[in-house]
2 protein chains.
Amino acid sequence: MMDPDKMSSSDRLLWAAINLISEKGYNGVTTQEIAAAAGLSEKTLFRQFGSKQNLLESALDRFHYAEEMRTLFQEKLVWELEADLLTVCRTYHAVMNRNRKLIQISMKDEAQLPGFKERSRQHPLQLLDFLTNYFIAMGERGKLIQTDPRLQAFTFMMSQFGAFLNDLEAGDNYPDIALEPYMLASVRLFARALTP
Amino acid sequence: MMDPDKMSSSDRLLWAAINLISEKGYNGVTTQEIAAAAGLSEKTLFRQFGSKQNLLESALDRFHYAEEMRTLFQEKLVWELEADLLTVCRTYHAVMNRNRKLIQISMKDEAQLPGFKERSRQHPLQLLDFLTNYFIAMGERGKLIQTDPRLQAFTFMMSQFGAFLNDLEAGDNYPDIALEPYMLASVRLFARALTP
DNA sequence: AATGTATGTCAGTGGTTACTGACATCAGGA
DNA sequence: TCCTGATGTCAGTAACCACTGACATACATT
């Protein structure tokens, strides 16, 4: 995880806020709780952030997504379906897992976050476009069946998105299915479905 | 939707509670709001349900899932992969959509709902077992490749689960992708991947 | 007419909570 | 040593909110 001792006061507050709000929701946590979890006084929280709402919004600014995905499609592809899908898959889960708690917050407290949803929706849309174009290009090279690249890309994305969210919420509900074997199996399945 | 005028008082309260809590979360709604949305007084709410928490729990009792899924695998299968997957797919989305708002509540307010998560996790697990057994049986009939039926079933489930949740949260974010064409395309894709 | 049942109104109560102001403490740099 | 800046303490405020009790109303059954 992370060591609160080495962080600045505001970082510790953001860290505590993310942890608690992702668990209990914005309205389920008090500013006292957050301050206590950060090892600071409530007063410091308000001095640093002014309001609880602003603390939440500052926390949400830690959401990072796009960079890796953008470079992914320009650098790491080898134009071999199964290998590329696995690369996409791994990158996707890495990014999603890094933002795990922020995603939980945005699901629970969308009502508190005007505009955030709209912004964060751009990211999967971009990925969908990238993947679709990749499928089209692969089709032109004769390495992919030519039917409906956008829906195929969407299906692949949804299978990964579903697995991520399932893991996020259910966690240990499927003790026999870990993420890593799932990635391999699902990528193999899609490769078999899409190879001519 | 539903017409509140024709419902009993407690049904109207439950209906209003489900609507509001699914939008704003348990702690984001007041009992006054709920009563007003039901066209009743706050006093009636407490007379009927005793507490806000009990109102929520009563609302959650409206969660129905398993019956259709259970009969599905005993009656409606025709042992033809693509047709059967489509049947499963449709039934799954029908059930999930009927429980739409309750699922939203359970995601937002798991903290308020001791035990509910555990209970509702049984359902997808059952479906996974059913699907896995179906794949095994299909494999024995030579109608399915024999590799890893459980992971394959899980991948199919996750692609549908992901699409459902994506629709639940994003809604109109993918204007060019509707649920019905997605079901057809994804089922076709899986059928191609799993057919020998 | 009498009674019961479901509802409404109103005025609370006690607890919680975001947020504030005044003042103290304490460390580090000038 | 003095000053500065970040923090803590404490007491408090104003709002909100789940929940209650007393009483009235309206309607249906008997």
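Values reported hereafter were calculated over all heavy atoms of this structure, with side chains retained and with hydrogens, waters and symmetry mates removed.
Contact check, T44(A) against dA6(D): no side-chain N or O comes under 4.0 Å of OP1 or OP2. Remark: Q48(A) is in phosphate contact with dT7(D), judged by side-chain N or O atoms under 4.0 Å from OP1 or OP2.
Between the CZ atom in F156(B) and the CZ atom in F161(B) there is a gap of 14.5 Å [rounded to 0.5 Å].
In this structure, M7(A) atom CE and dA6(D) atom C1' are separated by 17 Å, rounded to whole Å. Atom CG of D11(A) is separated from atom P of dT7(D) by 12 Å (rounded to the nearest Å). We find that CG of L45(B) is positioned 11 Å from P of dG8(C), with the value rounded to whole Å. One interatomic measurement links the two molecules: CG of L56(A) to C1' of dA18(C), which rounds to 14 Å at whole-angstrom precision.
With sequence neighbours excluded, the residues that form a salt bridge (charged side-chain N to carboxylate O under 4.0 Å, His left out) with R100(A) are D167(A). Not a single ring pair (Phe, Tyr, Trp, His ring centres under 6.0 Å) links F49(A) to another residue, sequence neighbours left out. Residues satisfying the salt bridge (charged side-chain N to carboxylate O under 4.0 Å, His left out) test with E140(A), not counting sequence neighbours, are none. Applying the salt bridge (charged side-chain N to carboxylate O under 4.0 Å, His left out) test to E42(B) and every residue at least two apart in sequence or in another chain returns nothing.
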Return a single string for nucleotides 16-21 of chain D, one symbol per nucleotide in 5' to 3' order, where B is base contact, S is sugar-phosphate-only contact and - is none, cutoff 4.0 angstrom on heavy atoms.
-SSBBB
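Ring-plane geometry between H93(B) and F164(B) is classed as tilted, the angle between the planes lying from 30 to 60 degrees on a 0 to 90 degree scale.
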One pair to check against side chain to side chain donor-acceptor pair (under 3.5 Å): S9(B) and Q48(B). What are the steps and the verdict?
CA-CA 9 Å; S9(B) 289; Q48(B) 301 261 7; 4.6 Å; no
Step by step, would you call L179(A) with N97(A) a side chain to side chain contact (heavy atoms under 4.5 Å, CB included)?
CA-CA 11 Å; L179(A) 199 56; N97(A) 272 311; 4.1 Å; yes
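With dT7(D), dG8(D), dG8(C) as the candidates, the nucleotide lying closest to the side chain of R47(B) is dG8(C).
Taking the screw axis at each terminus of the helix from dA1(C)-dT30(D) to dA30(C)-dT1(D) from five consecutive base pairs, the angle between the two is 0° to within rounding of 10 degrees.
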